[in-house]
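In this chain, numbering begins with 1 at the start of the sequence shown. Note that ligands are numbered from 1 as they come in the structure, with each ligand's atoms numbered from 1 the same way.
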Amino acid sequence: MKVDGKHFRSIWRERDGWAIGAIDQRRLPHEFVVARLTSCEDAAVAIRDMLVRGAPLIGATAAYGMALAMREDASDAGLKRAYDTLVVARPTAINLKWALDEMHAALAPIDPVERAETAYSRADEIAEQDVEINRGIADNGLKLIEAIAAKKPGEVVNLLTHCNAGWLATVDWGTATAPIYLAHERGIKVHVWVDETRPRNQGASLTAWELGHHGVPHTVIPDNTGGHLMQHGMVDLAIVGTDRVAANGDVCNKIGTYLKALAAHDNGVPFYVALPSPTIDFAVGDGIRDIPIEQRSGTEVTDMTGRTADGRLETVRIVPEGSPVANYAFDVTPARLVTGLITERGVLKPDRASLAAAFPERIAAAAE
Ligand SMILES: CSC[C@H]1O[C@H](OP(=O)(O)O)[C@H](O)[C@@H]1O
């Protein structure tokens, strides 16, 4: 999307045709730094350390990581090593394994001499497919915003989102933000309550940054504010992203999503989840039981990094030395709390039958 009027994507193939450029999201919002990935290991570290993050972008990065790997070693052993290196970079977003399986399916059957070129072509396809899918999510989610706007002509449609499911979490457009950007571009008055999303602050640092640079009105709020806003009729619609949707419609997303869904359910606020179909894991029948929840370093909770009054970036500790810390990166919202799933093929009920009807080819693949 736009950064000060200039169009950017979150990841791209460099002009040299082989290195990969990506926005280093750890440096935002204070610095706009572009990283250059030149090896499979670079791609794996970028995913693990959250230089890139967000389920679809993790998938695209892994795809390009396989392409970088094929430049290094296109043998069968090299292909397996690349897959095994990348697949463990982060455990929760299913897009990582989905992309690697897509790349493996394209590369394993062919002559190693053809693998590097084929890998870059398939990775490009995965990236372009993400943009196209998210544009479809925008169209389908826009209808929900338009329906609310029609009931309150001339007034602002107030949305709430959690974490960053914006264009920074994908190759472009975002998932939860895609309908918001399209509504804004269509002249609908929207305003977004942006959950700061402790401990990594993806909302405060990333969603606020991208909405601001695209000119979308928004307000950053502490994570615990959403319920109060919903009680007072200040949220018309909640839209979040997801890292994995189980076949039964359970939704895994950034920690705190479940609590927001409970508040929305209690206050009759529509709670939608926006996702591209690669985020659906038909192999998982029960999200709460089966989806692995990543636990990250405690320093993400004990420390905070920000800009000092004189412009320096500093990290400070906010938790007493010696206090134990737990850092669960995701939680699972049961399908019963989800109003609908906004996908590229329409807005679906969060249940097995609806997902299978919309994506029969994915059911067949999961059964193989
Ligand atoms: C469109 S997927 C975005 C999804 O990914 C985020 O997690 P992380 O920043 O740890 O990669 C968060 O769960 C978002 O909803």
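Near Met50, with a cut-off below 4.0 Å to any heavy atom, the atoms of ligand 1 are 9 (O), 10 (O). The contact set between ligand 1 and Gln202, taken as ligand atoms under 4.0 Å from a residue heavy atom, comprises 8 (P), 9 (O), 10 (O). In summary, the atoms of ligand 1 found under 4.0 Å from a heavy atom of Arg53, numbered by their order in the structure, are 6 (C), 9 (O), 11 (O). Of all the atoms in ligand 1, the ones that sit under 4.0 Å from a non-hydrogen atom of Pro56 are 1 (C), 2 (S). The Arg90 neighbourhood of ligand 1 comprises atoms 8 (P), 10 (O), 11 (O), with distances under 4.0 Å to a heavy atom of that residue. Atom numbering of ligand 1 starts at 1 in the shown order; those under 4.0 Å from a heavy atom of Ala169 are 1 (C), 3 (C). Against a heavy-atom cut-off of under 4.0 Å, Thr175 is close to the following atoms of ligand 1: 1 (C). Each of the following atoms of ligand 1 lies closer than 4.0 Å to a heavy atom of Gly54: 3 (C), 5 (O), 11 (O).
Residue pairs meeting the side-chain hydrogen bond (donor to acceptor under 3.5 Å, both in side chains) criterion with at least one member in residues 323-334, sequence neighbours excluded: Glu300-Asn327.
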Could you walk me through whether Val347 and Thr339 pass the side chain to side chain contact (heavy atoms under 4.5 Å, CB included) test, one step at a time?
CA-CA 10 Å; Val347 180; Thr339 308; over 6 Å; no
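Neither side chain, Tyr258 nor Asn253, offers a donor N or O lying under 3.5 Å from an acceptor on the other. At a cut-off of 3.5 Å, with distance as the only test, a side-chain donor of Thr308 or Asp310 sits close to an acceptor on the other residue.
Of the protein's heavy atoms, Cys163 SG, 3.4 Å lies nearest to atom 12 (C) of ligand 1. At the shortest separation from atom 4 (C) of ligand 1 among protein heavy atoms lies Asp243 OD1, 3.5 Å. Atom 15 (O) of ligand 1 has its closest protein heavy atom at Asn253 OD1, 2.5 Å.
Under a 3.5 Å cut-off, the side chain of Thr85 and the backbone N or O of Arg81 do form a donor-acceptor pair.
Considering backbone and side-chain N/O atoms, Lys254 comes within less than 3.5 Å of an N/O atom of ligand 1.
The closest approach between a heavy atom of Val240 and any atom of ligand 1 is not below 4.0 Å. Glu294 does not count as a contact of ligand 1, since none of its heavy atoms falls under 4.0 Å from the ligand. Taking a 4.0 Å cut-off on heavy atoms, Thr242 registers as neighbouring ligand 1.
Expressed to the nearest 0.5 Å, how far SG of Cys163 lies from CG of Asp223 amounts to 9.5 Å.
Which of Asn164, Asp130, Val52 comes nearest to atom 3 (C) of ligand 1 through a heavy atom is settled by distance: it is Asn164. For atom 2 (S) of ligand 1, the nearest non-hydrogen atom from the set Ala55, Cys252, Ala329, Gly256 comes from Ala55.
Checked for salt-bridge contact, Arg135 and Asp139 meet the test: a charged N lies under 4.0 Å from a carboxylate O. Between Arg336 and Asp351 there is no salt bridge, since no side-chain N of the basic residue sits under 4.0 Å from a carboxylate O of the acidic one. Under 4.0 Å is where a charged nitrogen must lie from a carboxylate oxygen, and between Arg296 and Glu294 at least one such pair does. At a threshold of 4.0 Å, the pair Arg244-Asp281 counts as salt-bridged, since one of the basic side-chain nitrogens sits closer than that to a carboxylate oxygen.
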Residues 48-63 side chain polar contacts: donor-acceptor under 3.5 Å, at least two apart:
from	atom 1	to	atom 2	distance (Å)
Arg53	NH1	Gln25	OE1	3.0
Arg53	NH1	Asn164	OD1	2.7
Arg53	NH2	Asn164	O	2.7
Thr61	OG1	Leu57	O	2.8

